[in-house]
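See below for the structure under consideration.
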Amino acid sequence: MNINYTNLAENSRNNIGNHELALAVLEGLSGKPKKLNSSFFYDQKGSDLFQQITELDEYYLTGCEFNILTKEKENIAKKLAKDPFNLIELGSGDGRKTFVLLDEFINQTLDFKYIPIDISKDAMETLFSKLKNNYDENLIVEGLVGDYFDGIRTLVKQTKRKNFVLFLGSSIGNFNHAEAEKFLRQLWYVLNPGDYVLIGFDLKKDLNILHSAYNDTKGVTSEFNLNLLSRLNETLDADFDRSSFMHQGVYNVQLGAMESYIISTKKQAVKIGDLDKEFTFKPWEGIHTEYSYKYTQSEIEMLAKDTGYTVINHLFDSKRYFIDSVWEVCKND
Ligand SMILES: C[S@@+](CC[C@H](N)C(=O)[O-])C[C@H]1O[C@@H](n2cnc3c(N)ncnc32)[C@H](O)[C@@H]1O
């Protein structure tokens, strides 16, 4: 198998290792309200925990997307069969759902190259070991470890092959609406007219279903959220006592988003050794760790229109909980 990945952080002047995390933590915990970016969840433990979340019954999102891709794989392959193309996946994680498409594309002998992009080196290594176990020399993989934006920027240098961009798992929901617009426009700038994107949107629905999905009974989501504190203890010499923090997922009706918090259950101070700084927490004060914005079909259509795309198709799962929306890049010149 022709398979390799480039670590954009190691190759760039921005490679400041844990300093980047320390600076983000300094900014996030000094602000009011306190917050930490969800992209820091995915160390090896965090990536493993996320995979366990995707297997929970309550976390319906993964099952819905498996359902869609399994139903639609032949149609998707047909649409791409004419020209050689790049299958670019943003935030690929363990790539499990993408394997449905890889299998179909290989069976139909499509001429394509798989380009997974993920900020987590651990997630990329897990993906690569799975690819090595499942595929032979027919698959060409050129992974990029780095931020979506850095990954997208390097794609400008790619050849003029047709691009099919996957952004699965409702990761678009981690952005607020303004950030989503900026992100999609940035993507639009580097893509060519006629390229396709397929974006997974979680739909607005009964709040009880949403609440259960982000507060599962086995406590895996709680472990995933609190693992961020363990990561800071390990990498930044912090002394968070995890037992005096708790996880909570809540729906913000005004924003239309699930929000994840790590909440301090008492008044306490936490030292972050690498910053040589102490942060104080009031009882029940929260650290905001993630947004998961939910959409309606018309909000998705508006987003596509506002950022330069034409909606080709909305692919629904059988419960109609989720949409994989397929868009084509439109440019007038
Ligand atoms: C919610 S998981 C989704 C994984 C997979 N796409 C799925 O649908 O199951 C998000 C993935 O995106 C990656 N990620 C998060 N923020 C990122 C960023 N800013 N740039 C690149 N990858 C990012 C994480 O490391 C993680 O593997």
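Whatever order the structure lists them in is the order used to number ligands and atoms, beginning at 1.
Side-chain N or O atoms of Asp324 include none that pairs as donor or acceptor with a backbone N or O of Leu315 at under 3.5 Å.
A heavy-atom separation below 4.0 Å is not found between Gly46 and ligand 1.
For the atom pair CZ of Phe164 and CD of Glu89, the computed distance is 10.0 Å after rounding to the nearest 0.5 Å.
Proximity annotation for atom 14 (N) of ligand 1: of Phe183, Phe175, Phe50, Tyr148, Tyr148 comes nearest, heavy atoms only. Nearest to atom 24 (C) of ligand 1 by heavy-atom distance, out of Phe41, Tyr42, Phe40, is Tyr42. The heavy atom nearest to atom 23 (C) of ligand 1, out of those in Leu166, Asp147, Asp122, Ile119, is found in Ile119. Of the options Ser47, Gly91, Gly169, Gly200, the smallest heavy-atom separation from atom 5 (C) of ligand 1 is shown by Gly91.
Each of the atoms 8 (O) of ligand 1 lies under 4.0 Å from some heavy atom of Leu168. Residue-ligand proximity, Gly146 to ligand 1, at heavy-atom distances under 4.0 Å covers atoms 20 (N), 21 (C). For ligand 1, the atoms sitting less than 4.0 Å from at least one non-hydrogen atom of Lys97 are 7 (C), 8 (O), 9 (O), numbered in the order shown with element in parentheses. Proximity to Ser39 (heavy-atom distance under 4.0 Å) selects the following atoms of ligand 1: 16 (N).
With salt bridges taken as basic N to acidic carboxylate O contacts below 4.0 Å, none links Lys271 and Asp239. No salt bridge links Arg185 with Glu181; every basic N to acidic carboxylate O contact stays at or beyond 4.0 Å. Salt-bridge formation is not detected for the pair Glu234/Lys45: no Lys NZ or Arg NE/NH1/NH2 atom is positioned less than 4.0 Å from an Asp or Glu carboxylate oxygen. We find that Glu299 and Lys204 are joined by a salt bridge, their nearest charged nitrogen and carboxylate oxygen being less than 4.0 Å apart. With respect to the salt-bridge test (charged N to carboxylate O, under 4.0 angstrom), the residues Asp202 and Lys205 qualify. Between Lys130 and Asp94, at least one side-chain nitrogen of the basic residue sits less than 4.0 Å from a carboxylate oxygen of the acidic one, meeting the salt-bridge criterion.
Of all the heavy atoms of Arg96, none lies under 4.0 Å from any atom of ligand 1, so neither backbone nor side chain is involved. Within the 4.0 Å heavy-atom criterion, the part of Ser92 lying near ligand 1 is the backbone and not the side chain.
In terms of N/O distances under 3.5 Å, ligand 1 is approached by Asp118.
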